[in-house]
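Here the structure comes first, spelled out in structure tokens, and everything after it is commentary.
Here is how names work: the chains are called A, B, and so on, in the same order as the sequence lines, proteins then strands, and each is numbered from 1.
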Number of protein chains: 2
Amino acid sequence: MTTPTPRSVNLRRVADEAGVHPSTASRALNPATRHLVAAPAAGRVQEAAARLGYRPDAAAMSLRTGRSRLVGALVPGIANPVFAPILAAAAAALAEDGHALLVADPGDDPERAAEFVAELAARRVDGLLLATVSLRDDPALAACLARGLPAVLINRSGGEGVPAVVSDDRAGMALAVRHLAALGHRRIAHVGGPAPLSTGLQRREGFEEAMAALGLPVPPGWVEAATAYGRAEGEAAASLLLARCPGVTALACANDLLALGAYDACRRAGLRIPAAISVTGHNDMPLVDMIEPPLTTVRIPHEEMGRRAARLLLDRIHQGAPAGAVVLAPTLVERGSSGPPRAGEGDAGSL
Amino acid sequence: MTTPTPRSVNLRRVADEAGVHPSTASRALNPATRHLVAAPAAGRVQEAAARLGYRPDAAAMSLRTGRSRLVGALVPGIANPVFAPILAAAAAALAEDGHALLVADPGDDPERAAEFVAELAARRVDGLLLATVSLRDDPALAACLARGLPAVLINRSGGEGVPAVVSDDRAGMALAVRHLAALGHRRIAHVGGPAPLSTGLQRREGFEEAMAALGLPVPPGWVEAATAYGRAEGEAAASLLLARCPGVTALACANDLLALGAYDACRRAGLRIPAAISVTGHNDMPLVDMIEPPLTTVRIPHEEMGRRAARLLLDRIHQGAPAGAVVLAPTLVERGSSGPPRAGEGDAGSL
DNA sequence: TTGAAAGCGATACCAC
DNA sequence: GTGGTATCGCTTTCAA
């Protein structure tokens with residue numbers, strides 16, 4: 001390898017052009033130190049910088065200051081459409097503060113996620129947004145803690161004292177369950193998310209608590225956790241439930257992708273939605289209003305989630321603020337996939 | 001601001017641990033220069049590096065070598081689901097070469113895109129993937145050229161000699177038109193993409209050429225270009241066409257989002273799909289198989305597109321290869337949104 | 001085969 | 001208020 005070609009326009013060039021020392025030019029261009037420079041000199045520097053199209057070199061700045069104006073994000077499956085609006089909102093909020101978002105997708109492998117944290121740390125990211133974290137002893141989160149890297153969880157909680165922006169998952173499932181109950185359903189099964197994820201656990205508990213509060217039974221075997229948040233996994237879990245739960249009239253799913261899988265399972269079983277069976281999702285990801293039938297689901301505020309997480313992280317980066325958890329309120333979006341149960345099946349009916 | 005806290009484990013530390021000079025450690029850790037180091041010393045260095053969990057500091061490396069192992073991507077609207085699989089594939093291919101992908105979303109504003117190029121250049125990205133480029137005199141492309149930054153266009157062509165990975169847009173529209181004609185349609189209108197984009201132009205030309213080749217007329221006003229690739233813009237354009245084109249039996253859309261908007265327009269006009277009117281899309285973005293009716297569309301090979309673009313860019317980065325355009329073959333995916341025209345309306349029927 | 005030293009570009013101290 | 005200078009961590013040329 002050869003010696004690098006010199007950057008076109010650097011601070012020194014700007015300083016020469018303005019007839020000042022590089023130190024002075026640096027001070028004049030930094031809003032925080034500008035007051036240390038005489039007005040005319042500062043003016044000449046800024047003019048020269050603008051004229052030459054000067055931009056501080058990020059690598060040099062990063063090396064010297066230890067910060068990169070880069071924030072990393074870890075998501076499990078960028079293909080999951082629910083992340084698009086969340087990340088877009090986070091990126092926009094970060095951009096307002098001069099930060100760029102570096103998205104990495106380690107999939108569902110926690111060790112790989114921890115490896116990515118190390119790589120991002122080597123790139124000197126100022127902080128991380130984690131959408132991958134599992135509930136206990138997550139390696140990626142541990143890697144952040146070990147390095148003193150500010151981290152904020154998105155749509156996941158990671159235990160006591162870990163900053164996070166989440167939707168109220170228990171309340172969300174309660175909305176879905178009460179909606180189904182109000183339609184007359186009594187035999188409701190739950191397609192759950194992966195147990196090690198906070199969303200999987202909380203939504204399952206939310207389902208069970210809401211059922212109990214309504215005096216509805218949840219027989220053993222009426223809850224089936226999918227192995228991952230995916231359409232195929234949702235179909236597998238829903239198929240099991242359809243075979244196992246006599247007289248089930250509704251499937252409350254922990255996630256929209258699982259609900260799409262439930263659609264597949266119902267279709268294969270010859271059950272029309274919502275005539276024969278109702279299905280609800282969770283997240284209100286893009287396009288679920290266009291499927292047939294349009295999915296009744298629990299809307300989490302994607303944009304707000306991304307924005308709040310970004311702001312929380314920036315607060316931690318700038319002020320080292322401790323920053324607890326933010327819990328956002330979900331809402332129910334009633335569409336076409338839920339309706340009254342078939343006559344005679346709403347109560348403890350026969351098979 | 002204070003002086004930064006020293007990085008935990010740096011090259012010097014590794015060298016000390018191995019009992020060699022930092023230069024030697026550097027050589028021992030770089031595969032390209034390892035042969036210059038005596039085997040036992042090299043072994044000690046690698047062992048020490050592994051034991052301490054050493055990672056070279058990206059900022060320092062970047063500053064010294066001029067390369068960052070970072071590649072930028074510019075997309076117009078990260079929320080557009082078609083980009084998710086493309087970017088995921090590109091990121092995976094780049095990761096194999098040690099590069100990370102930095103995604104930026106300037107929306108539809110070309111000036112803003114050029115601004116982002118400057119910002120990414122200041123971050124010393126090794127190259128750029130551009131999905132935003134318009135057909136002529138694109139500012140972002142010009143900004144890359146001016147800086148000598150390797151760039152590859154994705155799903156867009158930018159004129160002679162600009163490296164690009166695209167689907168054969170003319171052929172794609174021809175697939176859709178021939179499919180509709182084979183079903184018996186003769187009165188087909190086109191919901192076009194924005195004219196300044198290569199996809200908008202090529203797909204429109206592909207539509208017109210295919211219609212001409214089949215001997216089907218395209219009366220004036222039967223082509224309407226949407227102002228942007230979006231659902232709302234598609235609805236607006238499709239509504240115009242429905243009002244303006246007597247006896248139209250099919251809408252061939254330049255893009256899936258436009259087709260979703262066409263669904264909205266047809267619904268508002270009380271036209272059932274495909275009974276009263278057929279609709280086709282282009283791209284086969286995620287989830288369009290789940291909408292009602294499932295969308296007949298032209299599939300572009302997303303993953304291959306992302307992968308090929310990444311490889312092309314890496315070739316340019318490493319070898320300065322000139323790298324022409326890659327044209328991929330689209331395929332037709334027949335689903336439920338296309339069917340035979342209503343009886344008596346397939347040929348030059350009355351209103 | 002290895003050590004010494006320069007330098008990428010910016011910033012933060014210390015003098016003046 | 002301004003200039004000088006050391007320094008962040010690494011690579012690479014030059015000398016030995």
| said: Given D:dT5, C:dG9, D:dG9, identify the nucleotide with an atom nearest to the side chain of A:H21. | reply: D:dT5

| If you look at every strand shown and take non-hydrogen atoms under 4.0 Å, does B:A41 touch a base, only sugar-phosphate, or nothing? | sugar-phosphate

| So do A:L128 and A:L120 actually touch side chain to side chain, heavy atoms under 4.5 Å? | yes

| remark: When rounded to whole Å, the CG to P distance for the pair B:L36 and C:dT2 reads 10 Å

| request: Whole angstrom is fine here: how far is it from CZ in B:R27 over to C1' in D:dT12? | output: 8 Å

| Closer to the 5' end of DNA chain D via nearest nucleotide, is it A:G19 or B:L11? | A:G19

| request: Using whole Å, report how far CZ of A:R34 lies from P of D:dG1. | output: 15 Å

| said: Without decimals, in angstroms, what is the distance between A:N30 CG and C:dC13 P? | reply: 13 Å

| query | Which of these nucleotides, C:dT2, D:dG9, C:dG9, is closest to any side-chain atom of B:A38? | reply | C:dT2

| message | At less than 4.0 Å, is any side-chain N or O atom of A:Y54 found next to OP1 or OP2 of C:dG9? Yes or no. | response | no

| Does the base of D:dG9 carry an N or O that pairs as donor and acceptor with the side chain of A:R124 under 3.5 Å? | no

| field | Nearest-nucleotide comparison on DNA chain D, the residue closer to the 5′ end among B:T33 and A:T24 | value | A:T24

| said: Among B:N155, B:V162, B:L153, which residue satisfies the side-chain contact (heavy atoms from CB on, under 4.5 Å) criterion with B:L130? | reply: B:L153

| Note, B:R67 side chain near B:H99 side chain (heavy atom, < 4.5 Å) | no

| message | Without decimals, in angstroms, what is the distance between B:R67 CZ and C:dC8 P? | response | 18 Å

| request: Measure the distance from CZ on B:R12 to P on C:dG3 and round it to the nearest whole Å. | output: 14 Å

| query | So do A:R51 and A:E17 actually touch side chain to side chain, heavy atoms under 4.5 Å? | reply | yes

| request: Answer yes or no: is there a donor N or O on one side and an acceptor on the other, between the side chain of B:R123 and the main chain of B:E119, under 3.5 Å? | output: no

| Shortest side-chain distance from A:D57, nucleotide among D:dC10, C:dA10, D:dT2 | C:dA10

| Got A:L87 and A:V103 here, is their nearest side-chain heavy-atom distance under 4.5 Å? | yes

| request: When you get a sec, tell me which of D:dG3, C:dG3, D:dG9 is the closest nucleotide to the side chain of B:L63? | output: D:dG9

| Contact class for A:S23 vs. all strands (heavy atom < 4.0 Å): base, sugar-phosphate, or nothing? | base

| How close or far is atom C1' of C:dT11 from atom CG of A:L29, stated in whole angstroms? | 12 Å

| query | Between C:dG3, C:dT11, D:dC10, which one does the side chain of A:T65 approach most closely? | reply | C:dT11

| said: Distance check needed: C:dT11 P versus A:N10 CG, whole Å only. | reply: 12 Å

| said: For a quick test of reading the model: is some side-chain N or O of A:S26 closer than 4.0 Å to OP1 or OP2 of C:dA10? | reply: no

| request: Choose from D:dC10, D:dT2, D:dG3 the nucleotide whose nearest atom is closest to any side-chain atom of A:V20. | output: D:dG3

